[in-house]
> 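Below you will find the structure I want to go over with you.
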Amino acid sequence: MSSPERYRVLALSAAKHDYVPLAFKDHPRFQVMGVSDEPSAAGWVHECNEQLASDLGVPYEPGIDAAIARHRPHVAVVSSEAARHARLSVRAAEAGLHVVQDKPMAPTIADCDAIVEAVERAGVRFLLWNRNTQPAIQEAHQLVHAGEIGEPRAIHVDFFFSKDAGVLLGSDEPEEIPDSWLSEGELTVEGIYPLAYMRHILGLDALRAFGRTSAHFFRRHAERGVEDIATVSLEMQRGVIGSLCIGRIGEPSHPNIGELRIHVIGSTGALVIAEPRPEVAVYTRGLAPGDYRNRRTDEETDRRQVDLLVNALDTGGDTLLTARQGRHIVATVGAALASARAGRPCEVTRPS
Amino acid sequence: MIRLALVGCGRNAAALAAAAAASDLCRLEVAADIEARAAGDLARAAEARAHVGDLASLLESNAADVQAVIVNTPNDSHADIALAAIAAGRHVLVEKPLALSADAADEVRRRANEAGVRLMVAHTLRFMPANVQVHRALAAGELGKPGMLRSHRWLRRFPGPPGGWKHDPARSGGLCVHEAVHEIDQALWLIGERPTHVHAQAQPDLLQIHLGYESGAMALCGVATGLPLGSGYYSLALIGSLGAAYADDHHNVQLIYRGARPQAVMTDQRASGVRAQLDEFARAITEGREPSVSGADAVAALQIAEAAAASSASGQTAHLTETGYVLA
């Protein structure tokens, strides 16, 4: 069957990150038809959806089945709250739509398995949104796969966001962050990015994890028992040693977005890659403390991901991060969190 | 001026001699080695006297000229030479590791205390200028409570022919004892508490040590000793509750344009670190106080290094106890 000239896209909720559906705007191979969601979604979610629809210049139509019937989309873009990811993605796959989904893949392995099963049964493509199209990550991937550093032996990723998340631990100031902004845990939610780097750069999965987690910075994280920093040691395929440091480490901890860095050691060489680079530093008067001094020179990261999706849809090949790969990342995060609770390494579960 | 004898004129000896030459607090009097050429070469370069032979013969022939001994020999001889120097009433600066085991190191520490001489161990990372700034920021409260320490240290392949002592874990102590005591001591220094958990993964020239602490803090330290080219790489990030400090080569690389392409050049901090370390040793002797890196510090680092070695060998996590560790 020939590929359509333009794939029709339906955005299913924009509760979290509008940049995922917005990456499809004005793309020559995609046409965003509308925004839809479950009518039962929270009021603030409907407001986000209306805003996205306005930004895209398309209608917002609560009621997913009706929207699918009306627009006959090829692709669903799901960026709801994480708790609804699996329900919406499975529903889209069962309707025969390819799925592009925001992170984290789902809160539980069972939810991930449901997505994998639905996607594979329907024979549709699934892309878990990621940061692997950053130029530095692409370059690392190419260098490693070209054999520039020999056989990979270790990979270490530092992934620190210099962002605040409410009132600091130990402070009695009133909390101003709304509940809808609260993280379920930094490793839990953001762990996909560094783990996806590892998957992309080396093409290897983690087998066993040892993790440590702590609510070190923010009062709400401590109250809710979720981590804002974590360290993970990984035993990977082919005996490769992996590690990951992740944290939402507070606004004053870095002048820019934070250290996002990858160290790869090979048998004949090594790489140190900073994900945000190259970047341009811009210094002005009146810059607020939370404003980043450095600006990335690459503005095509999201668009590049969509370009790669086109190829997967046209050829029936794999996306940049498939449902199975996403499921394995969630399982790796789960093993690290279980390890942190148990104080011993835990196996990364494989699908039964 | 503290009068020094340097025992072991192999690798690191030139850096130590240069540090002594630059110091106003100490002077290298004797360069000793069991190999005449090594002793002679270093003595000439350092304008010191050469001595060929062991410590006993050195002290016999140069007794009046030596107040303190720097032990820079292969790891498996550190403890014995240190004990001999202590028994002769000399202050001792010992290259790390102090000994191949924590128990043996503790014996050296105990003997030094009994003899009333100063014992210092060369955990040089504490003296590297970048790390000094990180520690200073932490001590001043600028970073708040330490939460995460992340470090990477890459070295060129161990020099020397296969079969040399560094290639023999029975003589070097293996990667955990030979190299990672640096990282472990650094973590003890910066986090400021003893870890409760140690989880390690190792290959012949790769090591990763993961430390967990009662306070919730954590440290993840990587060491690679098989880098085929270059002069090494170092990176440290210390994340605290109020701020963070970063000390690393990746931010501080200089570029030199040579031929058709730019090349990275790293400004070496090691020389000033070694000198600061030697000055601290001399000051501790002069002031009659414990050096900032004590025998007890070295024993603590070796206890954790032993737990790390057991963890990497077993694939289990070492849970530290007061006297040792339990694998689980």
Side-chain angles (χ1 to χ4, degrees), chain A residues 149-150 153-158 160 162 168-170 208-218 222 227-236 239-247 249-254 258-259 261 263 265-270 272-274 277 339-340 342-345, chain B residues 142-152 154 195-203 205-213 215-222 224 226-230 233 235 237 239-246 248-251 253 264 311-312 315-319 327-328:
Chain A
I149 60 166
R153 304 190 53 219
I155 184 165
H156 309 290
V157 182
D158 300 345
F160 300 136
S162 56
L168 291 177
L169 196 58
R208 217 160 75 115
F210 176 79
R212 300 290 297 177
T213 61
S214 177
H216 191 73
F217 298 99
F218 302 107
E227 77 285 353
D228 45 34
I229 52 172
T231 43
V232 183
S233 294
L234 295 168
E235 295 171 26
M236 302 183 71
V240 169
I241 292 174
S243 72
L244 154 65
C245 290
I246 191 166
I249 61 176
E251 206 166 72
S253 63
H254 197 275
E259 286 290 350
R261 200 176 335 180
H263 292 79
I265 301 173
S267 56
T268 60
V272 183
I273 295 282
R277 291 175 195 169
S339 163
R344 58 178 171 72
Chain B
E142 293 176 276
L143 307 181
K145 183 180 151 197
M148 183 191 292
L149 171 67
R150 168 65 134 173
S151 70
H152 306 273
W154 298 350
T196 54
H197 293 68
V198 182
H199 189 80
Q201 293 168 257
Q203 292 183 8
D205 56 1
L206 285 177
L207 178 64
Q208 178 162 284
I209 292 187
H210 198 158
L211 305 171
Y213 296 83
S215 66
M218 54 200 81
L220 195 47
C221 310
L227 218 60
L229 298 168
Y233 169 82
S235 165
I239 312 293
S241 55
L242 300 177
Y246 307 94
D248 65 67
D249 296 334
H250 193 53
H251 286 172
V253 165
S311 170
S312 69
Q316 295 179 295
T317 301
H319 299 247
L327 293 172

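Sequence lines set the chain letters: A, B, ... in the order given, protein chains first and strands last, and positions in each chain run from 1.
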> May I ask you to name which of B:G240, B:G222, B:A328 has the most heavy-atom pairs under 4.5 Å with chain A?
B:G240
> For the CG atom of A:D228 and the CD1 atom of B:I239, what is their distance to the nearest 0.5 Å?
11.5 Å
> Which atoms of B:T196 are under 4.5 Å from chain A, going by heavy atoms: the side chain, the backbone, both sets, or neither?
side chain
> Any sub-3.5 Å donor-acceptor pair from B:H319's side-chain atoms to A:G343's backbone N or O?
yes
> Specify which of A:A230, A:G250, A:A342 makes the most heavy-atom pairs with chain B at under 4.5 Å.
A:A230
> Using a cut-off of under 4.5 Å for heavy-atom pairs, which of B:A224, B:G216, B:S241, B:S215 has the most such pairs with chain A?
B:S241
> Could you tell me which portion of A:L169 (side chain, backbone, both or neither) has an atom closer than 4.5 angstrom to a non-hydrogen atom of chain B?
neither
> Where on A:A340 is there a heavy atom nearer than 4.5 Å to chain B: the side chain, the backbone, both, or neither?
neither
> Parallel, tilted or perpendicular: which one describes the rings of B:W154 and A:H263, with boundaries at 30° and 60°?
perpendicular
> Is the closest side-chain donor-acceptor distance between A:S233 and B:H210 under 3.5 Å?
yes
> Roughly how far, to the nearest 0.5 Å, is NE2 of A:H216 from NZ of B:K145?
5.5 Å
> Which atoms of A:S339 come close to chain B, meaning under 4.5 Å heavy atom to heavy atom: side chain ones, backbone ones, both, or neither?
neither
> So A:H254 and B:Y246, would you call those rings parallel, tilted or perpendicular, with 30° and 60° as cut-offs?
perpendicular
> For B:M148 versus A:C245, what's the shortest heavy-atom pair and its separation?
SD-CB, 3.7 Å
> Given that the side chain runs from C-beta out, which part of B:A202 has a heavy atom under 4.5 Å from chain A: side chain, backbone, both or neither?
backbone
> Under 4.5 Å from any heavy atom of chain B, what part of A:E235 do you find: side chain, backbone, both or neither?
both
> Does any heavy atom of chain B fall under 4.5 Å from the side chain of A:F217, the backbone, both, or neither of them?
side chain
> Name the region of A:I229, side chain, backbone, both or neither, that has any atom closer than 4.5 Å to a heavy atom of chain B.
both
> With a 4.5 angstrom heavy-atom cut-off, is it the side chain or the backbone of A:F218 that approaches chain B, or both, or neither?
neither
> Could you pull out all residues at least two apart from A:E259 that satisfy salt bridge (Lys or Arg N to Asp or Glu O under 4.0 Å)?
A:R261
> Please round to the nearest 0.5 Å and tell me the distance separating atom CD of B:Q208 and atom OG1 of A:T231.
9.5 Å
> Any side-chain to backbone donor/acceptor pair from A:R208 onto B:G315? Under 3.5 Å, distance only.
yes
> So for atom CZ, which belongs to A:R277, do other residues, nucleotides or ligands contribute more than 12 heavy atoms lying within a distance under 6.0 Å?
yes
> Relative to chain A, which segment of B:L242 carries a heavy atom at a distance below 4.5 Å: side chain, backbone, both, or neither?
both
> Please state whether the side chain, the backbone, both or neither of A:I149 comes within less than 4.5 Å of a heavy atom of chain B.
neither
> Could you tell me which portion of A:I241 (side chain, backbone, both or neither) has an atom closer than 4.5 angstrom to a non-hydrogen atom of chain B?
both
> For each of B:H197, B:H152, B:Q316, B:Q203, tally heavy-atom pairs with chain A at distances under 4.5 Å, and name the one with the top tally.
B:H152
> For B:R150 and A:S243, which I'm curious about, is there any donor-acceptor pair between the side chains at under 3.5 Å?
yes
